[in-house]
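These notes are about the structure you will find just below.
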Amino acid sequence: MDNLIKISLRSYKKFKGYRKEFFDFFLQYIEPEKIEIKAPFTNRKYKNFYSTKEKFFELISKKEYEEEYIEIMIKQEKFIKLSLSSKGFYIVMNKNKYLDNSDEIDNHILELFVKMKGCIAKIEDWDYSNIQNEKIIDFLELEGIQVPEEKIKIYRDGRKEVDITKNPGYTREEHYVPFGVYWKMWIGNDYYNWLSKEKLALYTNCYRNIELEDGVREIIMTKTLEEFTSEETDNLKWDFRKKVGIEEAADKLKAIPYEMDPDYADMEYIYPENRKDVRYDIIYFDNKMESIARKYATKYVLTEIELDENGKFVREKTTVKGKIENLDKEKLKEGKIELKKRK
């Protein structure tokens, strides 16, 4: 087990700013050996981060990057993960470091959550959350966890996986908004578009449930994190999910159409018109051949996939590489292109 904790702040609407404020605050609890940046516009590794920190923030503060998703891996004793996007932030950090500084960190989370007009912020045990949301049985068995028969879902083709909806701590995500029960939660006004404000305010089967500034509601389910992750409080978690209507809230958001901006995908599938026997898979890369968002790609890898009469995968036929300016997607869509490997 990794002894880590995850702190997340999510917004339903896009917002700008607060990235440096979030990152600088949490950096005071970390003394990184090295730091790696993964973003749609750069795959650069900042080995001597403290000498380049201001340059990095100057880069991500540029107008064209202010809504980009950025993932930061900080090497300390273990990799600590930090993510910045236009819809929220999260950090995975040492659990003991958090517990020793919980008042200061919680106050900062609340302050930032109010500024960004977030819909939910939460604190959860990293290992507990991963176990509650893991569907692959083999992965759990490697950790010494035996999955009860009643939690195993069997498909028609014989495949088996964990039915995580039978775990009290599982998270359901709709449009990148999490729905579930967590040790500590801060609920903002946008969340009440789907969750009943009255039901949440009246819920009393928890350690704390109070309204703070700007209508933000703070809920702490148990006095300690250990209590929350214990099986002895499973009934408490199910009680919260049922009484405040977690599934019904997620269903409401799911019913709203959602479209992802294709420019930020690093892969694309093209099915040619008038052809059912082939699909073209495109993966986008930068000059170093590391995957990157289509919007910033300079190179691509194109694979022709043979399909059967039911549209299912048969085999990879041909793979070619090229510069992005030479990629003719219109011809691919029309099925009027023949892929040939370079000699």
Side-chain angles (χ1 to χ4, degrees), residues 4-14 69 81 83 85-92 113 118-137 139-140 145 147-148 150-155 159-200 203 205-206 209 216-222 225 228-231 233-260:
L4 297 172
I5 201 163
K6 182 178 180 181
I7 302 168
S8 313
L9 296 85
R10 297 295 301 177
S11 173
Y12 180 60
K13 300 167 186 172
K14 286 186 176 182
Y69 173 83
K81 191 174 183 181
S83 168
S85 79
S86 61
K87 287 199 169 184
F89 311 130
Y90 76 77
I91 182 169
V92 179
F113 185 70
C119 65
I120 182 170
K122 56 189 173 71
I123 297 179
E124 55 194 316
D125 184 280
W126 176 252
D127 288 319
Y128 176 78
S129 178
N130 286 342
I131 291 169
Q132 292 286 294
N133 290 281
E134 181 56 69
K135 294 182 179 181
I136 300 175
I137 296 171
F139 287 175
L140 292 170
I145 299 168
V147 182
E150 62 270 19
K151 288 188 178 182
I152 296 177
K153 184 189 296 184
I154 304 175
Y155 293 92
R159 287 184 300 113
K160 295 181 180 181
E161 71 174 23
V162 180
D163 182 357
I164 62 170
T165 65
K166 294 183 178 178
N167 292 332
Y170 88 96
T171 291
R172 179 176 165 186
E173 277 207 5
E174 299 295 344
H175 304 350
Y176 298 101
V177 176
F179 293 89
V181 56
Y182 310 99
W183 177 42
K184 291 185 179 182
M185 297 171 273
W186 291 267
I187 307 298
N189 287 322
D190 276 349
Y191 216 68
Y192 297 132
N193 290 325
W194 322 295
L195 192 71
S196 168
K197 186 174 184 177
E198 182 180 4
K199 286 182 179 179
L200 200 62
Y203 189 78
N205 191 18
C206 57
N209 183 352
V216 173
R217 181 160 294 278
E218 179 184 68
I219 297 176
I220 302 177
M221 292 301 297
T222 56
L225 180 58
F228 181 80
T229 58
S230 168
E231 290 183 359
T233 57
D234 281 358
N235 288 337
L236 170 67
K237 297 159 207 165
W238 283 122
D239 183 69
F240 178 85
R241 299 185 78 105
K242 182 178 180 180
K243 287 183 178 176
V244 305
I246 292 297
E247 293 302 323
E248 294 86 346
D251 287 341
K252 284 183 182 179
L253 183 52
K254 184 180 180 180
I256 300 172
Y258 179 80
E259 292 184 11
M260 180 179 177

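Model, not experiment: these values are computed from the prediction.
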Shortest non-hydrogen contact between [X] and [Y], atoms and distance:
X: Ile246; Y: Gly180; result: CD1-O, 3.5 Å
X: Trp238; Y: Thr165; result: CH2-O, 3.3 Å
X: Phe240; Y: Ile219; result: CE1-CD1, 4.2 Å
X: Trp186; Y: Phe113; result: O-CZ, 3.5 Å
X: Glu174; Y: Phe179; result: CB-CE1, 4.2 Å
X: Ile220; Y: Lys184; result: CG1-CG, 4.0 Å

Using modelled atom types and a 3.5 Å cut-off, is there a donor and acceptor pairing between side-chain atoms of [X] and backbone atoms of [Y]?
X: Asn130; Y: Asp127; value: no
X: Asp125; Y: Tyr128; value: yes
X: Trp183; Y: Met221; value: no
X: Asn167; Y: Gln132; value: yes

Query raised in the report: Knowing that exactly one of Glu161, Lys160, Lys153 qualifies, which makes a side-chain contact (heavy atoms from CB on, under 4.5 Å) with Lys135?
Result: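 Result: among Glu161, Lys160, Lys153, Glu161 is the only option passing the side-chain contact (heavy atoms from CB on, under 4.5 Å) with Lys135.
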Query raised in the report: Picking from Ile137, Ile152, Ile131, what satisfies side-chain contact (heavy atoms from CB on, under 4.5 Å) with Val162?
Result: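 Only match with Val162 under side-chain contact (heavy atoms from CB on, under 4.5 Å): Ile137.
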Query - Partner set under side chain to side chain contact (heavy atoms under 4.5 Å, CB included) for Thr171, not counting sequence neighbours - result: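 Partners of Thr171 by the side chain to side chain contact (heavy atoms under 4.5 Å, CB included) criterion, ordered by chain and then number, come out as Asn133, Glu173, Pro178, Tyr182.
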Report task. For the pair Lys237 and Asp234, find out whether any cationic side-chain nitrogen is under 4.0 Å from an anionic carboxylate oxygen. Result ->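 Yes.
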Report task. Could you please spell out the steps behind the side-chain contact (heavy atoms from CB on, under 4.5 Å) verdict for Leu225 and Ile5? Result -> CA-CA 10 Å; Leu225 180 58; Ile5 201 163; 4.0 Å; yes
When rounded to the nearest 0.5 angstrom, what is the spacing between [atom1] in [X] and [atom2] in [Y]?
X: Ile120; Y: Ser8; atom1: CD1; atom2: OG; result: 9.0 Å
X: Lys243; Y: Lys199; atom1: NZ; atom2: NZ; result: 12.0 Å
X: Tyr191; Y: Ser196; atom1: OH; atom2: OG; result: 13.0 Å
X: Glu218; Y: Asn209; atom1: CD; atom2: CG; result: 9.0 Å
X: Tyr12; Y: Ile256; atom1: OH; atom2: CD1; result: 4.5 Å
X: Ile91; Y: Leu4; atom1: CD1; atom2: CG; result: 10.5 Å

Query raised in the report: Of Lys122, Glu124, Lys6, Glu134, which meets side-chain hydrogen bond (donor to acceptor under 3.5 Å, both in side chains) against Ser129?
Result: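 Going through Lys122, Glu124, Lys6, Glu134 one by one, the side-chain hydrogen bond (donor to acceptor under 3.5 Å, both in side chains) with Ser129 is satisfied by Glu124 alone.
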**Report entry** Which residues share a salt bridge (charged side-chain N to carboxylate O under 4.0 Å, His left out) with Lys252, sequence neighbours left out
**Finding:**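 Salt bridge (charged side-chain N to carboxylate O under 4.0 Å, His left out) check on Lys252 returns nothing, list empty.
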Query raised in the report: Given the rule in the side-chain contact (heavy atoms from CB on, under 4.5 Å) test, do Asp239 and Tyr203 qualify, once you have shown the distances and angles that lead to the verdict?
Result: CA-CA 10 Å; Asp239 183 69; Tyr203 189 78; 2.7 Å; yes
**Report entry** NZ/Lys151: more than 12 non-hydrogen atoms of other groups inside 6.0 Å
**Finding:**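 More than 12 within 6.0 Å, yes.
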Report task. Please check if atom CD in Glu150 has more than 12 non-hydrogen atoms from other residues, nucleotides or ligands closer than 6.0 Å. Result ->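 Yes, CD of Glu150 has more than 12 neighbouring heavy atoms, counting only those of other groups under 6.0 Å.
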Query raised in the report: Given the rule in the side-chain contact (heavy atoms from CB on, under 4.5 Å) test, do Arg217 and Tyr192 qualify, once you have shown the distances and angles that lead to the verdict?
Result: CA-CA 11 Å; Arg217 181 160 294 278; Tyr192 297 132; 3.7 Å; yes
